[in-house]
*Asks:* 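After the structure tokens below, expect a handful of questions from me.
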Amino acid sequence: MGALPWGTLLVNVTGAGALGFVVGRLRTPGVASPLAALVATGTLGAYTTFSALAVELVGTLTGAPSAAVLHGLGSIALGLGAAGAGLAAGGRRRRDRVVTP
Amino acid sequence: MSGALPVLAAIALGAVGTLLRAEVTWWSARRTGSTRAGVWTVNVLGAFALGIVVGLVEHGRIGEDAARALGAGLLGGATTFSTWMVLVLRPDAAARRRRPVRDVLVHGLGMLLAGVAAAAVGLWVTGGSG
């Protein structure tokens with residue numbers, strides 16, 4: 001598989017951050033629209049991928065095990081960081097917005 | 001095969017994969033009150049299936065276009081990283097207590113290891129290397 005799959009990492013981390021933001025907003029009273037669910041499940045869920053990450057890790061494990069471990073743990077750490085930041089940013093607007101369609 | 005058809009096939013199968021994932025996670029939410037089991041199911045099965053697809057294309061048993069439509073389209077849509085990450089940080093209603101360390105280890109690291117193992121089995125079955 002050669003070089004580290006940066007594309008998968010980029011897509012996954014940005015998608016996790018964006019979904020965190022949407023979910024943070026969803027918890028805000030008055031913001032629970034079908035549109036948000038559509039964005040969350042449809043767009044961001046499909047935008048990110050788990051299967052490619054898993055197969056890439058198997059491919060790297062045989063050639064460069066330490067790189068695979070770093071890539072796996074790094075994906076989780078960056079993904080959780082991005083999702084956490086998104087959740088915080090999405091939830092922070094709680095008081096600003098009272099009613100949204 | 002060239003032109004728009006392979007792209008359209010990937011998009012169409014991507015939509016199918018996304019709908020499959022939505023069905024499985026909603027079913028899981030209805031049955032258990034949490035989407036967790038559903039996300040585990042689609043991700044681990046999807047990793048296994050992608051292992052098979054990659055193994056098949058490596059041996060020329062299916063073409064590049066078919067592999068892209070099935071791998072990036074169907075299985076890319078069926079599996080998810082973003083929902084997984086958010087679910088680790090913020091378990092939904094059924095997981096009443098938040099146990100951050102346990103959640104990260106079991107549902108974060110645990111799902112990744114399960115997915116890697118599933119992909120390895122899929123690759124092994126078809127003689128692929130990833």
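Quick note on labels: first sequence line is chain A, next is B, and so on, each numbered from 1.
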*Asks:* According to a 4.5 Å side-chain heavy-atom criterion applied to Ile, Leu, Val, Met, Phe, Trp and Tyr, with indirect links allowed, do B:Val16 and B:Ile52 form part of one hydrophobic cluster?
*Replies:* yes

*Asks:* For B:Val7, which fellow cluster members are found when Ile, Leu, Val, Met, Phe, Trp and Tyr are connected by side-chain heavy-atom distances below 4.5 angstrom, either directly or through intermediates?
*Replies:* B:Ile11

*Asks:* Do A:Leu70 and A:Leu78 land in one hydrophobic cluster if side-chain heavy atoms of ILVMFWY residues count as linked below 4.5 Å?
*Replies:*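 Hydrophobic grouping puts A:Leu70 apart from A:Leu78.
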
*Asks:* Quickly, which of A:Val55, A:Leu61, A:Leu53 forms a side chain to side chain contact (heavy atoms under 4.5 Å, CB included) with B:Val116? Name it, please.
*Replies:* A:Leu61

*Asks:* Do B:Arg90 and A:Leu87 have side-chain heavy atoms sitting under 4.5 Å apart?
*Replies:*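 With C-beta onward as the side chain, the pair touches.
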
*Asks:* Report the distance from atom OG of A:Ser51 to atom CG of B:Leu70, rounding to the nearest 0.5 Å.
*Replies:* 11.5 Å

*Asks:* How about A:Thr48 and B:Thr83: do any of their side-chain heavy atoms sit closer than 4.5 Å?
*Replies:*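 No, every pair of side-chain atoms sits at 4.5 Å or beyond.
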
*Asks:* If I take atom CE from residue B:Met111 and atom CD1 from residue A:Ile76, how far apart are they, to the nearest 0.5 angstrom?
*Replies:*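 Separation between the atoms: 9.5 Å.
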
*Asks:* Taking all heavy atoms of A:Ala54 and all of B:Gly115, pick out the closest pair and write down the distance.
*Replies:*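 Reported closest heavy-atom pair: CB-O, 3.5 Å.
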
*Asks:* Under 4.5 Å, heavy atom to heavy atom, which residues of residues 41-49 of chain B contact chain A?
*Replies:* B:Asn43, B:Val44, B:Gly46, B:Ala47

*Asks:* Quick one: closest heavy-atom pair of A:Val58 and B:Ala119, and the distance?
*Replies:*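 Where A:Val58 meets B:Ala119 most closely, the heavy atoms are CG2-CB, 3.8 Å.
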
*Asks:* Heavy-atom cut-off 4.5 Å, strictly under: side chain, backbone, both or neither for B:Leu123 against chain A?
*Replies:* side chain

*Asks:* To the nearest 0.5 Å, how far apart are CH2 in B:Trp84 and OG in A:Ser75?
*Replies:* 7.5 Å

*Asks:* Can you tell me how far apart CG (B:Leu50) and OG1 (A:Thr49) are? Round to the nearest 0.5 Å.
*Replies:*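 Rounded to the nearest 0.5 Å, the CG-OG1 separation comes to 7.0 Å.
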
*Asks:* According to a 4.5 Å side-chain heavy-atom criterion applied to Ile, Leu, Val, Met, Phe, Trp and Tyr, with indirect links allowed, do B:Val121 and A:Phe50 form part of one hydrophobic cluster?
*Replies:* yes

*Asks:* Applying a strict under-4.5 Å side-chain criterion to I, L, V, M, F, W and Y, I'd like to know whether B:Val24 and B:Trp40 cluster together.
*Replies:*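 Each belongs to a different hydrophobic cluster.
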
*Asks:* So if you build clusters from Ile, Leu, Val, Met, Phe, Trp, Tyr with side-chain heavy-atom gaps below 4.5 Å, do A:Tyr47 and A:Leu10 land together?
*Replies:* no

*Asks:* Of all heavy-atom pairs between A:Ala46 and B:Arg21, which one has the smallest distance, and what is that distance?
*Replies:*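 That closest heavy-atom pairing would be N-NH2, 3.1 Å.
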
